[in-house]
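These numbers come from a predicted model, not from an experiment. Here is how names work: the chains are called A, B, and so on, in the same order as the sequence lines, proteins then strands, and each is numbered from 1.
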Number of protein chains: 2
Amino acid sequence: MALQPASHQPASRHLANLLPLTPASAGDFAAFDKVGSVIIVKRGETLFYEGDAADCYFKVASGAVRSCKLLADGRRHIGAFFLAGDFIGINDEESHLFTAEAVSDTTLIRYSRRSFDNLLSEQPALGRCLLRMLCHGLTAAHEQMLLLGRKTAQEKLASFLLIMAERSGGGDAVVLPMTRADIGDYLGLTIETVSRAVSHLKSEGIIQLKSANEVVIRNRALLEAMAEGV
Amino acid sequence: MALQPASHQPASRHLANLLPLTPASAGDFAAFDKVGSVIIVKRGETLFYEGDAADCYFKVASGAVRSCKLLADGRRHIGAFFLAGDFIGINDEESHLFTAEAVSDTTLIRYSRRSFDNLLSEQPALGRCLLRMLCHGLTAAHEQMLLLGRKTAQEKLASFLLIMAERSGGGDAVVLPMTRADIGDYLGLTIETVSRAVSHLKSEGIIQLKSANEVVIRNRALLEAMAEGV
DNA sequence: CGCCGCATTGAAATTAGTCAATACTCGTGG
DNA sequence: CCACGAGTATTGACTAATTTCAATGCGGCG
């Protein structure tokens, strides 16, 4: 699907890990904003539940949202964190495939599925943009599977910090809006293991903690090497 | 994207786990067959490497293909097994995102990316079909992330057997064309752990082994319960 | 028959998880 | 302004699951 010349790929693999659906460029989906309405969800509140009728899609304006899936006995997995600009819930199914909850107070734009689909059929370019977004999501999902299946706790955390750094502008200062529990459920670890991995990176001087959820990357090269399993 | 009335969802979650891209119905992509050429790859041979220019897409006619990613020190992860009817390598990127190798002797249809794209722009319906396929792949990837991040070895194997049973017709007899090493790398386990999980299911009478890679499901209800973490 | 690749099984080592105690942060109310 | 409390994070000690290492078994093929 070389629908358009693909945007140049990120240099190192983990940087591709933008799990949620992000338009390639900011303006790509501007047309959608006209058919959406603004909603606000407070920290911890649920946007929709797994299995709910998927009659709306959402785009994050500010804040953060997590997608959750549960096993029968309550074990939780977070499939993605959605940050400003990310689309949530876009799929071909009748019902939502995960529960979406606000990580922090969040503002979203809600689109009715009907108007979304209408717009899509009117403007073929949007369909191609959507295809690109889905491809990107699939690529990121494969990267995340490698992480979950084969990386150690240290490597998982290193990868996570680099992903978050990349998604929040690419600088060395990273704000983590989610708790350690959220990070654990995203990486397939427990709270304690996440905390120990953070402490370890800190003691090695690879990162610095401004506070529990403000991290500064001090040695990016080493962090990247760790993330790749070197 | 309710592009078309979505096909009814599978009753239980793991059945949705058709990781590779499969057309919703057999005829959906028949148009593509006219622009493809047949190629044969022997067991163990490589179809393409991660990073290769993605100028071709493939569809499996018979046999099986695995997608692999490697970490720096050689740890391997298999992202998907592609069986008859599955499309391989479709993405928006310039280069392939994984290495594709034949699990067994395999016949494929190769499409040049150019003719694939041409066909796509000529027939909008194919684009919608492709969207559905990608959504399906994304759904399956999320399910696999839950498996990799939160399921035990037993639960992983139970899920895997049910996925394979579903993909090979839905009956209780399942042929596994891949080795234990492949299964391990797909589930984020070692060969030995896979083997022990198989032995355990066998000793419980939940499955029966005709040979090392021919399994018969004897107690599907229990296997499904295990897969869901009950 | 004997070799080779793959699978199984056992025992030891390691990683991450569990349980438990303590510390930090931030907001509220005295 | 400080004390208190709830929620979150850190740290330690112990446990359990999985991996690693090692040996044996099985099946097909020259």
So B:Thr193, base contact, sugar-phosphate only, or nothing? Heavy-atom distance under 4.0 Å. base
B:Glu143 bridged to A:Lys69 by N-O distance under 4.0 Å: yes
Are A:Thr139 and B:Asn91 close enough, and set up right, to give a side-chain hydrogen bond (donor to acceptor under 3.5 Å, both in side chains), and what steps lead you there? CA-CA 8 Å; A:Thr139 301; B:Asn91 202 307; 3.0 Å; yes
Distance-only donor-acceptor check, side chains B:Ser211 and B:Glu214, under 3.5 Å: yes
What is the distance, to the nearest angstrom, from the [atom1] atom on [X] to the [atom2] atom on [N]?
X: B:Leu157; N: C:dT8; atom1: CG; atom2: P; value: 10 Å
X: B:Leu176; N: C:dT8; atom1: CG; atom2: P; value: 11 Å
X: A:Arg75; N: C:dG17; atom1: CZ; atom2: P; value: 12 Å
X: A:Arg196; N: C:dT18; atom1: CZ; atom2: P; value: 12 Å

Which is more 5' along DNA chain C, the nucleotide nearest A:Gly188 or the one nearest A:Ser211? Just name the residue. A:Gly188
Quick note, A:Glu192 side chain, CB onward, closest among C:dA11, C:dG17, C:dC19 is C:dC19
Relative to the ring of B:Phe98, is the ring of B:Phe48 parallel (under 30°), tilted (30 to 60°) or perpendicular (over 60°)? tilted
Quick check: does any side chain N or O of B:Ser168 sit under 3.5 Å from a backbone N or O of B:Met164, one acting as donor and the other as acceptor? yes
Quick one: does B:Lys156's side chain get under 4.5 Å of B:Gln144's, heavy atoms only? no
Run the side chain to side chain contact (heavy atoms under 4.5 Å, CB included) test on B:Asp86 and B:Arg167 for me, step by step, so that the C-alpha distance in whole Å, both residues' side-chain angles and the decisive distance to 0.1 Å come before the verdict. CA-CA 11 Å; B:Asp86 296 335; B:Arg167 292 185 63 187; 2.4 Å; yes
What are the 5'-most and 3'-most nucleotides of DNA chain D lying under 4.0 Å from any heavy atom of chain B? D:dT18 to D:dC21
Closest contact, heavy atoms only, A:Val41 versus A:Ala102: CG1-CB, 3.8 Å
Is the phosphate of C:dA16, meaning OP1 or OP2, less than 4.0 Å from a side-chain N or O of A:Thr190? no
Under 3.5 Å between N/O atoms: give me all the protein pairs with nucleotides 3-7 of chain C, atom names plus distance.
from, atom 1, to, atom 2, distance (Å)
C:dC6, OP1, B:Arg43, NH2, 3.3
C:dA7, OP1, B:Arg180, N, 3.4
C:dA7, OP2, B:Arg180, N, 3.1

